[in-house]
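Here's the structure, in structure tokens; my notes come after.
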Amino acid sequence: MKFNVKIPRHLKEAYKSELKDYRHCLLKNQYADAWYHLERSHIIGQSYPIEHTYSHWLMLRFGLMQKNTKEVFGQVLRLVVGGWKSFINHVPLGNTGGANVPPLKRMPIPNDIEKLLDTK
């Protein structure tokens, strides 16, 4: 069994870039674009416990800010189980992480992110 602990440097850089774009959009009240970048950060970091959990934490905060009860409850559930599923390498790749999709559903990975994930 493979255990994931530390995100590779190239993925960490892409992950941080998505979070930077998220914050930039949030400051400009571009909420749909902000959410898009949160979903991308989730896809990039979902195999690594710290990044995966942090993406869900930000999604929970976003849901609270938007007063979206479904998102808030969905993120609480994901915060409880997401990190340890990353640690044991048992995540549904491509899943965008929002409460609008089933937590265990695999989803297509955007081409640019797929290339990143294939890079060692």
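Values in this document were obtained by computation on a predicted structure and should not be read as measured data.
The minimum heavy-atom distance between Pro92 and Leu104, with the atom names listed, is CB-O, 3.4 Å. Tyr22 and Leu58 make their closest contact through OH-O, 4.2 Å (heavy atoms, listed as atom of the first residue, atom of the second, distance). Closest non-hydrogen pair, Trp35 versus Gly98, comes out as CZ2-CA, 3.8 Å.
Shown here are the side chain to side chain contact (heavy atoms under 4.5 Å, CB included) partners of Leu93, two or more places apart in sequence or in another chain: Gln46, Ser47, Val91, Arg106, Ile109. For the side chain to side chain donor-acceptor pair (under 3.5 Å) test, residues two or more places apart in sequence or in another chain that qualify with Lys12 are Glu51. In this view, Lys16 satisfies the salt bridge (Lys or Arg N to Asp or Glu O under 4.0 Å) rule with no residue, not counting sequence neighbours. Residues passing the side chain to side chain donor-acceptor pair (under 3.5 Å) test with Tyr36, sequence neighbours excluded: none. Applying the ring pair (Phe, Tyr, Trp, His ring centres under 6.0 Å) test to Tyr15 and every residue at least two apart in sequence or in another chain returns nothing. With sequence neighbours excluded, no residue forms a side chain to side chain donor-acceptor pair (under 3.5 Å) with Arg61.
Separation of atoms NE2 (His52) and CD1 (Ile43) is listed at 11.0 Å; rounding is to 0.5 Å. The structure places CG of Leu38 at 13.0 Å from CH2 of Trp57, a figure rounded to the nearest 0.5 Å. Annotation: the span from Leu60 atom CG to Thr53 atom OG1 amounts to 12.0 Å, rounded to 0.5 Å.
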Show me the donor-acceptor pairs within less than 3.5 Å that the side chains of residues 110-117 make with the rest of the protein, sequence neighbours left out.
from, atom 1, to, atom 2, distance (Å)
Asp112, OD1, Arg40, NH1, 3.3
Asp112, OD2, Arg40, NH2, 2.5

Show the atom names and distances, to 0.1 Å, of all donor-acceptor pairs under 3.5 Å that link a side chain in residues 26-34 to residues at least two apart or in another chain.
from, atom 1, to, atom 2, distance (Å)
Asn29, OD1, Tyr31, OH, 2.8

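Under the 3.5 Å distance criterion, the side-chain polar atoms of Ser17 are left unmatched by any main-chain donor or acceptor of Glu13. Judged purely by atom type and a 3.5 angstrom limit, Asp21 has no side-chain atom pairing as donor or acceptor with the backbone of His37. Proximity of a side-chain donor or acceptor of Gln75 to a complementary backbone N or O of Gly97 within less than 3.5 Å is detected.
Applying the salt bridge (Lys or Arg N to Asp or Glu O under 4.0 Å) definition to pairs two or more places apart or across chains, none involves residues 94-104.
Cluster membership for Met59 and Val76, using ILVMFWY side-chain heavy atoms within less than 4.5 angstrom, is shared.
Through direct or relayed side-chain contacts under 4.5 Å between Ile, Leu, Val, Met, Phe, Trp and Tyr, Met107 connects to Val101.
Ring-plane geometry between His42 and His56 is classed as perpendicular, the angle between the planes exceeding 60 degrees on a 0 to 90 degree scale with a lower cut at 30.
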